[in-house]
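Values below: all heavy atoms of this structure, side chains included; hydrogens, waters and symmetry mates excluded. Just so you know, these numbers come straight off a predicted model, no measurement behind them.
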Amino acid sequence: MSVEGTWDLSISTPIGRIKAIVEFRREDGVLVGTAHGEGEEVPLNDLALDGDRLTWKQAVTKPMRLNLAFAVTVHGDTLEGTSKAGRLPASKVTGERRALQTGAAH
């Protein structure tokens, strides 16, 4: 299963829906990633793909300082799962992979 690419995420949180963009890529055979949203860019940590289950952690400072833990299931070009911040209830996450742009360098 390949998860590489750019994904548009929607996270349903207690303070409203948050949109984010995550990028997954392989560097030296290792899956790495970056998240963009709310005017900041943060690295993804502890990124792990086990079958169709993808998990990672990230720290954000906007709209508030939180350490988030994501656990999603990938279905082709869509994903769904949860994002959890500490003791707060889990938030539902959905996402869609962007189509590869033709002529783009890989």
key: Rounded distance [0.5 Å steps], CG in Leu68 versus CD1 in Ile18   =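 Rounded to the nearest 0.5 Å, the CG-CD1 separation comes to 8.0 Å.
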message = Just verifying a value: how many Å separate Arg97 CZ and Asp77 CG, rounded to the nearest 0.5 Å?
response =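 That separation rounds to 4.5 Å.
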inquiry  = Taking NZ in Lys84 as the centre, count heavy atoms belonging to other residues, nucleotides or ligands within less than 6.0 Å. Is the count above 12?
reply    =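 Yes, the 6.0 Å shell around NZ holds more than 12 heavy atoms from other groups.
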ask   = Does CD in Glu96 sit with more than 12 non-hydrogen atoms of other residues, nucleotides or ligands closer than 6.0 Å?
value =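 Counting neighbours around CD of Glu96, 12 or fewer heavy atoms of other residues, nucleotides or ligands fall under 6.0 Å, so no.
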Which heavy atom of [X] sits nearest to which heavy atom of [Y], and what is that distance?
| X | Y | answer |
| --- | --- | --- |
| Ala59 | Val42 | O-CG1, 3.2 Å |
| Ile11 | Ser83 | CG2-CB, 4.3 Å |
| Gln58 | Pro43 | CB-O, 4.0 Å |
| Ser91 | Thr13 | OG-CA, 3.6 Å |
| Arg17 | Ser10 | NH1-OG, 2.9 Å |

Please check if [X] and [Y] belong to a single hydrophobic cluster, counting links between Ile, Leu, Val, Met, Phe, Trp and Tyr side chain heavy atoms closer than 4.5 Å.
| X | Y | value |
| --- | --- | --- |
| Leu44 | Leu31 | yes |
| Val32 | Val60 | no |
| Val74 | Val30 | no |

Could you check whether any side-chain heavy atom of [X] comes within less than 4.5 Å of a side-chain heavy atom of [Y], counting everything from C-beta outward?
| X | Y | value |
| --- | --- | --- |
| Glu23 | His36 | yes |
| Ile21 | Thr6 | yes |
| Val93 | Phe70 | yes |

query = Going through the distances and angles, do Leu47 and Leu54 end up as a side chain to side chain contact (heavy atoms under 4.5 Å, CB included)?
reply = CA-CA 7 Å; Leu47 196 51; Leu54 180 64; 4.1 Å; yes
ask   = So, Glu41 versus Thr34: side-chain donor-acceptor pair below 3.5 Å or not?
value =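 There is no such pair (donor and acceptor under 3.5 Å, judged by atom type) between the side chains of Glu41 and Thr34.
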query = Thinking salt bridges, do Asp8 and Lys19 make one under a 4.0 Å N-O criterion?
reply =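 Here Asp8 does not pair with Lys19 in a salt bridge, since their nearest N and O are not under 4.0 Å apart.
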inquiry  = Please determine whether a side-chain nitrogen of the Lys or Arg among Glu27 and Arg25 lies less than 4.0 Å from a carboxylate oxygen of the Asp or Glu.
reply    =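 Salt bridge present between Glu27 and Arg25.
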ask   = What is the ring orientation for Trp7 with Phe24, classed by angle as parallel under 30°, tilted 30 to 60°, or perpendicular over 60°?
value =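 Taking Phe24 first and then Trp7, their aromatic rings stand perpendicular (interplane angle over 60°).
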request  = Run through Leu79, Thr73, Val72 and flag the one making a side chain to side chain contact (heavy atoms under 4.5 Å, CB included) with Asp52.
outcome  =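 That would be Thr73; it is the only one of Leu79, Thr73, Val72 passing the side chain to side chain contact (heavy atoms under 4.5 Å, CB included) with Asp52.
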